[in-house]
Amino acid sequence: MDQQPIVAFLYDFDKTLCTTDMQNYAFIPSLGMTPGEFWAEANGFGRACRMDGILAYMFTMIREAERRGRPFTREDLVEKGRSIVLFPGVDTWFRRINEFGARQGVQVEHYIISSGLREIIEGSSISGEFKEIYASEFYYDDNGVPVWPKLAVNFTAKTQFVYRINKGVLDVSDDKTLNDSMPDDSKRVPFHNMVYVGDGLSDVPCMKMMRAYGGQAIAVYQSANRQGVEDLLSKGRVDFIFPADYSEGTVLDTTVKDIIRKIAITDRLGEQNARQLRSIGGDVLPDQVGLF
């Protein structure tokens, strides 16, 4: 039996699947700070030192925990992830979408591409739903204490992981295979089988990439960021915008299912076209690939 086509959903995390920045739920309160105080400190430090914003917040996490004598280990961060609050319907979303995809004859995979922390995401109730989690991460010593940034995922670095998913080169330490030339028809997940889901400006490079290469880009919103998301739609940076409600029967739910149907039908039409060409001794021509 032929391998089923793969449909890949790529998600931001903060304010896309959960209601605010993941550090706000438990980590920042454990320091005795408010989110406003912490982010003002981190952002101000980054600007003063002309530092990447992701590295600045990661350093500020370590520094403030040391200053205040708070525990800060990998295990502690994972535990704090259990406080994450998800948007409505997220807890059952992955199972429902996987089952719907299977009924359409496609294999659905889910990935995280986030500037937040992998360790906190791993503590969330949905961490097991993802084939891979690409997020900022610390390197830890033998006692589980962070000593260096292992990975920092800023808004432009996010596009690297789209290419990794496209080629099936998921190991972040494998740059050689990622940069090797690969024919389009041998890439594991075609761009047109990808759907990126985000919430704002930090997602724009990935969203534009999706639209340029035939994938789909969706922005979700709460009342506080609705205007910014509408701006993304008006400027052609996303295909659709929806309230951040993943419950069954919402417009987000039904539209995503329509996208899966479209991908499944397009794949079947392409396969039929290729079979007919082979049956008459022909081959798939470049122009015909573009039809499907």
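Checked against the 6.0 Å centroid criterion, the rings of F72 and F138 qualify as a close aromatic pair. Ring centroids of F45 and F59 are separated by less than 6.0 Å, placing the two rings close together. Residues Y140 and W148 keep their aromatic ring centres 6.0 Å or farther apart.
Criterion: ILVMFWY side-chain heavy atoms under 4.5 Å apart, direct or through other members. Under it, I121 and V153 are not part of a common hydrophobic cluster. Under a hydrophobic clustering in which Ile, Leu, Val, Met, Phe, Trp and Tyr are joined whenever their side-chain heavy atoms come within less than 4.5 Å, directly or via other members, L170 and Y163 fall into the same cluster. Note: the hydrophobic cluster containing Y139 does not contain L55 (ILVMFWY, side chain heavy atoms under 4.5 Å, direct or indirect links). V195 and I133 fall within a single hydrophobic cluster, where Ile, Leu, Val, Met, Phe, Trp and Tyr side chains are chained together by heavy-atom contacts under 4.5 Å. Hydrophobic clustering (side-chain heavy atoms under 4.5 Å, transitive across Ile, Leu, Val, Met, Phe, Trp, Tyr) keeps Y134 apart from V108.
Within the 4.5 Å cutoff, no side-chain heavy atoms of I218 are placed close to those of V238. D199 is not listed as a side-chain neighbour of Y221, based on a closest heavy-atom distance of 4.5 Å or more. Side-chain atoms of I126 and F13, non-hydrogen and from C-beta on, do get closer than 4.5 Å to each other. A heavy-atom distance below 4.5 Å is not found between the side chains of L17 and W93. Inter-residue side-chain proximity for E75 and V78 is flagged as unmet; no heavy-atom pair is nearer than 4.5 Å. For the pair K176/D174, a side-chain contact is recorded, criterion being any heavy-atom separation below 4.5 Å from C-beta on. Considering only heavy atoms from C-beta on, L117 comes within 4.5 Å of M58 through its side chain. Q4 has its side chain out of reach of V106: every pair of non-hydrogen atoms, C-beta onward, lies at least 4.5 Å apart.
Evaluation of the side-chain hydrogen bond (donor to acceptor under 3.5 Å, both in side chains) rule for D12 yields T16, K158 as partners, not counting sequence neighbours. Residues passing the side-chain hydrogen bond (donor to acceptor under 3.5 Å, both in side chains) test with T60: none are found, sequence neighbours excluded.
Contact detail for T177 and K167: the closest heavy-atom pair is O-NZ, 4.3 Å. Between R70 and S30, the closest heavy-atom pair is NE-O, 2.6 Å. Of all heavy-atom pairs between A42 and A56, the closest is O-CB, 3.7 Å. For the residue pair L10 and M194, the shortest heavy atom distance occurs at CD2-SD, 4.3 Å. Between D245 and L252 the shortest heavy-atom distance is O-CD2, 3.7 Å. For the residue pair P5 and N193, the shortest heavy atom distance occurs at CB-ND2, 4.2 Å.
Between L232 atom CG and N225 atom CG the span is 9.0 Å, to the nearest 0.5 Å. Distance check, rounded to the nearest 0.5 Å: CD of E119 to OG1 of T73 gives 10.0 Å. In this structure, the separation between NZ on K187 and CD1 on I6 is 14.5 Å, given to the nearest 0.5 Å. Residue F38 holds its CZ atom at 10.0 Å from CG of D21, rounded to the nearest 0.5 Å. Expressed to the nearest 0.5 Å, how far OG1 of T20 lies from CD1 of I28 amounts to 8.5 Å. A distance of 4.0 Å separates CD1 of I54 from OG of S115, quoted to the nearest 0.5 Å.
One N or O on the side chain of S234 and one on the backbone of D231 form a donor-acceptor pair closer than 3.5 Å. Side chain of R211 to backbone of Q216: no donor-acceptor contact under 3.5 angstrom is found. Formation of a donor-acceptor pair under 3.5 Å by the Q222 side chain with backbone atoms of T19 is found in this model. Side chain of D267 to main chain of I263: no donor-acceptor pair is present (N/O by atom type, distance under 3.5 Å, no hydrogens or angles). S247 places no side-chain N or O within 3.5 Å of a backbone atom of T250 that could act as its donor or acceptor partner.
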Item checked: Evaluation steps, salt bridge (charged side-chain N to carboxylate O under 4.0 Å, His left out), between R268 and E271 -> CA-CA 5 Å; R268 290 196 294 272; E271 284 298 312; over 6 Å; no
- request: Give the intermediate values and the outcome of side chain to side chain contact (heavy atoms under 4.5 Å, CB included) for residues I165 and I113.
  value: CA-CA 11 Å; I165 295 163; I113 306 178; 4.2 Å; yes
Inset, instruction - Give the C-alpha distance, both sets of side-chain angles, the deciding distance and a yes or no for side chain to side chain contact (heavy atoms under 4.5 Å, CB included) between V220 and I241. - result: CA-CA 6 Å; V220 297; I241 63 173; over 6 Å; no
Go through the steps to decide whether M210 and V162 satisfy the test side chain to side chain contact (heavy atoms under 4.5 Å, CB included), and finish with yes or no.
CA-CA 9 Å; M210 285 296 102; V162 179; 3.5 Å; yes
Please evaluate residues F27 and M22 with respect to the criterion side chain to side chain contact (heavy atoms under 4.5 Å, CB included), reporting the C-alpha separation (whole Å), side-chain torsions for both, the decisive distance (0.1 Å), and the verdict.
CA-CA 8 Å; F27 176 77; M22 63 183 71; over 6 Å; no
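Ring pair Y11/F94 is perpendicular by interplanar angle, where above 60° counts as perpendicular and below 30° as parallel. The aromatic rings of F87 and Y246 lie parallel to each other, with less than 30° between the two planes, well short of the 60° mark. A parallel orientation is assigned to the rings of F242 and F240, their planes being inclined by less than 30° (bins at 30° and 60°).
Side-chain contact of R164 with Q160: a donor-acceptor pair under 3.5 Å is present, judged by distance alone. Side-chain contact check for T156 and N154: at least one donor-acceptor pair (N or O, by modelled atom type) lies under 3.5 Å. Side-chain contact, Y196 with D203: a donor N or O sits under 3.5 Å from an acceptor N or O. Under 3.5 Å, the side chains of E109 and Y111 contain a donor-acceptor pair of N or O atoms.
Around atom CG of L201, no more than 12 heavy atoms belonging to other residues, nucleotides or ligands sit under 6.0 Å away. The number of heavy-atom neighbours closer than 6.0 Å to CD of E99, taken from other residues, nucleotides and ligands shown, is above 12.
Salt-bridge annotation for R118 and E132: present, with a side-chain N of the basic residue lying under 4.0 Å from a carboxylate O of the acidic one. By the 4.0 Å N-to-carboxylate-O rule, R63 lies too far from E66 to be salt-bridged with it. Remark: E230 does not engage K235 in a salt bridge, criterion side-chain N to carboxylate O under 4.0 Å. By the 4.0 Å N-to-carboxylate-O rule, R74 lies close enough to E122 to be salt-bridged with it.
Applying the side-chain hydrogen bond (donor to acceptor under 3.5 Å, both in side chains) test to residues at least two apart or on different chains, the pairs with a partner in residues 252-262 are R96-D253, D253-K257, D258-R261.
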